[in-house]
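Hydrogens, waters and symmetry mates are skipped; everything else that's a heavy atom, side chains included, is used.
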Amino acid sequence: MGHLDHATFGWLTPALSYVMACVGAALGLQCTVRALGTTGRSRRNWLLTAASAIGTGIWTMHFVAMLGFGVSGTQIRYDVPLTLLSLLVAMAVVGAGVFAVGYGRDCGRSLALGGLTTGLGVASMHYLGMAALRLHGDVGYDPVLVALSVVIAVVAATAALWAALNIKSTLAVAVASLVMGGAVSSMHYTGMLAVSVRVAPSGAALPGATTMQFIFPLAVGLGSYLFLTSAFVALSPSAGERAASASAQRPVERTAP
């Protein structure tokens, strides 16, 4: 059995991955709150932004954490198409959950469906990303810990969407994003505890790309997207602010003496 190290760079990658999860969650929740205050095309666009933010944040969190993952006795490579597919799956499935909440008429049913779909999207992204691993050996999983990680993902997603439906203040959204970031990180490391590797030493070259060739540049790019989009959302007026501005600009009607 190969020795697994989940933090080859110490606390740097776990801390940074948690930050990325929180940023993605905060942006996604804020966009969902904005969406619920609008209608038509504007609601659709906000929900699309929310889905891309949450999906990108989860994906970036996972692979930033994977930068610190190592297995003694073998190098690690990543299958590029499968890794990209994991990103697309994350955004698509999370998007389905977010839209279920954004357009659902029955709040309770929409929340349950959206939380389940989004949670399964988080778990699917994680294990699809793990399937992209290429190393000299066989990867196995503890089914109990795998099931626990999926449960954590569904509960975290449901709690986050509940927050988007019921919490409006910026401070409350920030607190909810910290909780969701912690839950997503917990799901990741619970899933990683389920992993075992039986190393089969070999001199053959591994297919795929190294973390520094592919994962690191892509994570930096997606992280930049999250921060820039966060700045855009923070500077965009909310529906209430637009209504207040429009009201203030209306000419004051003078009444006859």
Side-chain angles (χ1 to χ4, degrees), residues 13-36 46-66 86-87 89-102 104 107-108 110-127 129 148-193 219 222-223 225-227 229-231 233-234:
T13 49
L16 185 56
S17 64
Y18 171 69
V19 169
M20 299 311 300
C22 290
V23 171
L27 179 55
L29 290 177
Q30 191 62 47
C31 289
T32 305
V33 170
R34 294 288 184 93
L36 295 174
W46 279 118
L47 290 175
L48 286 173
T49 305
S52 68
I54 296 174
T56 299
I58 293 167
W59 188 96
T60 307
M61 177 272 146
H62 172 82
F63 282 101
V64 167
M66 291 303 291
S86 70
L87 173 61
V89 166
M91 290 192 290
V93 182
V94 168
V98 169
F99 270 78
V101 169
C107 289
S110 299
L111 179 61
L113 178 60
L116 178 62
T117 305
T118 304
L120 291 178
V122 173
S124 299
M125 184 287 307
H126 175 87
Y127 288 106
L148 178 59
S149 70
V150 175
V151 170
I152 292 173
V154 172
V155 171
T158 304
L161 292 176
W162 177 90
L165 287 170
N166 294 279
I167 294 175
K168 305 304 179 185
S169 72
T170 302
L171 178 59
V173 168
V175 173
S177 67
L178 293 176
V179 174
M180 185 180 178
V184 171
S185 297
S186 298
M187 177 269 159
H188 171 83
Y189 284 105
T190 300
M192 294 307 295
L193 287 176
L222 293 175
Y225 161 77
L226 286 175
F227 282 105
T229 307
S230 297
V233 172

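- Remark: T13 OG1 to M61 CE distance equals 9.5 Å, nearest 0.5 Å.
- Taking each heavy atom of V101 and S110 in turn, the nearest pair found is CG2-O, 3.7 Å.
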Could you please spell out the steps behind the side chain to side chain contact (heavy atoms under 4.5 Å, CB included) verdict for V64 and V19? CA-CA 10 Å; V64 167; V19 169; over 6 Å; no
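- M66 has its side chain within reach of H188: a pair of non-hydrogen atoms, C-beta onward, lies under 4.5 Å apart.
- Note that CD1 of I58 is 11.0 Å distant from CE of M91, once rounded to the nearest 0.5 Å.
- Just one residue in the list L178, V23, V184 forms a side-chain contact (heavy atoms from CB on, under 4.5 Å) with Y18, and that residue is L178.
- The backbone N or O of A174 lies less than 3.5 Å from a partner atom in the side chain of S177, making a donor-acceptor pair.
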Apply the test side chain to side chain contact (heavy atoms under 4.5 Å, CB included) to residues W46 and Q30: give CA-CA distance (whole Å), side-chain angles for both, the deciding distance (0.1 Å), then the verdict. CA-CA 9 Å; W46 279 118; Q30 191 62 47; over 6 Å; no
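- Annotation: side chain of I54 is in contact with side chain of M180 (closest heavy-atom distance under 4.5 Å).
- Nearest heavy atoms, V94 versus G55: CG1-N, 4.4 Å.
- Considering all non-hydrogen atoms of both residues, S52 and T56 come closest at O-OG1, 2.6 Å.
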Chi angles and distances behind the side chain to side chain contact (heavy atoms under 4.5 Å, CB included) call for H126, M192: CA-CA 9 Å; H126 175 87; M192 294 307 295; 3.9 Å; yes
Run the side chain to side chain contact (heavy atoms under 4.5 Å, CB included) check on L226 and L222 step by step: do they pass? CA-CA 6 Å; L226 286 175; L222 293 175; 5.8 Å; no
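- If you take CH2 on W162 and CG on L111, they are separated by 9.5 Å, rounding to the nearest 0.5 Å.
- For F63 against G129, the heavy-atom pair with the smallest separation is CZ-CA, 3.8 Å.
- Taking every heavy atom of both residues into account, A90 and M125 meet most closely at CB-CG, 3.5 Å.
- Using modelled atom types, no side-chain atom of T60 and backbone atom of G57 make a donor-acceptor pair closer than 3.5 Å.
- Here the CD1-OH distance, from I152 to Y189, works out to 13.5 Å after rounding to the nearest 0.5 Å.
- Taking both residues in full, the closest heavy atoms of A53 and G28 are given as CB-N, 3.9 Å, listed atom of the first, atom of the second, then distance.
- Taking the side chain to side chain donor-acceptor pair (under 3.5 Å) definition, one finds that S86 meets it with W59, sequence neighbours left out.
- Residue pairs meeting the side chain to side chain donor-acceptor pair (under 3.5 Å) criterion with at least one member in residues 112-123: none, sequence neighbours excluded.
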